[in-house]
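For the numbers below, each heavy atom of this structure counts, side chains included, while hydrogens, waters and symmetry mates do not. A quick note: this is a predicted structure, and the numbers were derived from the prediction, not measured.
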Number of protein chains: 2
Amino acid sequence: MKDEDVRDVAALLKTMSHPIRLKILCLLQEKEMAVGDIREEVKTTNANVSQHLSILRNQGIVSSRKDANFIYNRIDDQRVLELIAKLRDLFCEEGDG
Amino acid sequence: MKDEDVRDVAALLKTMSHPIRLKILCLLQEKEMAVGDIREEVKTTNANVSQHLSILRNQGIVSSRKDANFIYNRIDDQRVLELIAKLRDLFCEEGDG
DNA sequence: CATCTATTTCAGTTTTTAATTTAATACTAA
DNA sequence: TTAGTATTAAATTAAAAACTGAAATAGATG
């Protein structure tokens with residue numbers, strides 16, 4: 001891996017390496033969600049979710065669309081979707097739980 | 001992904017998300033290496049490499065064997081090897097460089 | 001034993017990151 | 001316009017991580 005790739009990949013992993021952000025990404029795999037919906041799932045404040053979302057947007061992982069009062073977020077990088085699938089595959093028990 | 005898995009995977013990603021540690025892991029994909037060999041590749045101090053290695057060992061990613069004065073390090077988790085292969089596949093240009 | 005090499009550990013400093021609170025913005029609906 | 005909801009932004013504080021340099025350990029060599 002070239003040094004530049006190492007830097008970029010490390011930055012991506014760092015962005016994904018916070019439990020709240022990783023959980024947000026898992027949630028967004030299935031459907032787009034607004035800040036308030038995410039807040040209920042991850043049990044923190046709106047402001048905190050918003051901060052984490054802005055980190056994810058800055059990294060280019062998540063993008064948003066606005067509809068009335070709500071801002072709906074989705075994963076905007078196919079490679080990240082694949083990466084999360086691989087992480088599930090490697091580190092999570094299979095099963096339909 | 002269960003909350004426990006989210007925590008564990010986030011911790012793993014965090015461990016891998018430092019450029020020096022990610023580079024060490026890339027180097028160790030090909031062969032085991034002593035601290036001094038790694039230091040030459042990543043251009044920092046022995047103490048710094050040693051500290052990063054101890055983080056990788058604590059996470060269970062790397063293990064070591066001692067031979068005379070040297071401590072040879074290797075990746076000790078097949079899943080991490082697979083994960084790095086996937087990262088290369090997704091985020092690095094192919095080619096034999 | 002004295003010394004050299006490789007590595008680790010420790011203490012101190014700086015940098016980075018996370019969470020909290022508060023204020024501001026954007027839109028809706030009466 | 002006024003009030004209410006959803007989201008963002010800015011500032012503060014607290015906590016964690018990174019780097020440096022010096023000292024300590026372990027084994028090798030003479």
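As a whole-Å value, the separation of Asn48(A) CG from dA10(D) C1' is 15 Å. With rounding to whole Å, Leu53(B) atom CG is found 14 Å from dT9(C) atom C1'. As a whole-Å value, the separation of Ile24(A) CD1 from dT7(D) P is 12 Å. Asn58(B) places its CG atom 12 Å from the P atom of dA17(D), with the value rounded to the nearest Å. One interatomic measurement links the two molecules: CE of Met16(B) to C1' of dA17(D), which rounds to 18 Å at whole-angstrom precision. Atom CD1 of Ile55(A) and atom P of dT16(C) are 14 Å apart (whole Å). When rounded to the nearest whole Å, the span between CD of Gln59(B) and C1' of dA17(D) equals 15 Å. Atom CZ of Arg65(B) and atom P of dT7(C) are 12 Å apart (whole Å).
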Quiz prompt | B/S/- contact track for nucleotides 24-30 of chain C, protein heavy atom under 4.0 Å | solution = --SBS--

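For Gln51(A), the side-chain atoms get nearest to dA19(C) when compared with the rest of dT7(D), dC10(C), dA19(C). Distances from the side chain of Ile20(B) to the nucleotides dT7(C), dC19(D), dT20(D) place dC19(D) closest. In this structure, of dT7(D), dA22(D), dT7(C), it is dT7(D) that holds the atom nearest to the side chain of Asn46(A). Considering only side-chain atoms of Arg57(B), the nucleotide from dT8(C), dA19(C), dT7(D) that sits closest is dT8(C).
Each of Val35(B) and Ala47(A) lies near DNA chain C, and the nucleotide nearest Val35(B) is the one positioned closer to the 5' end.
For Arg39(A) and dA6(D), the shortest distance from a side-chain N or O to OP1 or OP2 is not below 4.0 Å. Applying the 4.0 Å criterion to OP1 and OP2 of dT7(D), one finds that His52(A) has every side-chain N and O outside that range. Within the 4.0 Å cut-off from OP1 or OP2 of dA16(D), not a single side-chain nitrogen or oxygen of Lys14(B) is found.
Evaluated for a side-chain hydrogen bond (donor to acceptor under 3.5 Å, both in side chains) with Arg39(A), the options Thr44(A), Thr45(A), Asn46(A) yield exactly one hit, Asn46(A).
Remark: Glu94(B) does not engage Arg88(B) in a salt bridge, criterion side-chain N to carboxylate O under 4.0 Å.
Donor-acceptor pairing under 3.5 Å is recorded for the side chains of Arg57(A) and Asn73(A).
Evaluation of the ring-ring contact (aromatic ring centres under 6.0 Å, His included) test over residues 61-93 of chain A, restricted to residues two or more places apart or in two chains, returns none.
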Quiz item: Does the side-chain contact (heavy atoms from CB on, under 4.5 Å) test come out yes or no for Leu56(B) and Gln59(B), once each step is laid out?
Solution: CA-CA 5 Å; Leu56(B) 291 167; Gln59(B) 179 65 232; 5.9 Å; no

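Under the 3.5 Å distance criterion, the side-chain polar atoms of Arg21(A) are matched with a main-chain donor or acceptor of Thr15(A).
Using a 4.5 Å heavy-atom threshold, the side chains of Ile38(B) and Lys23(B) count as separate.
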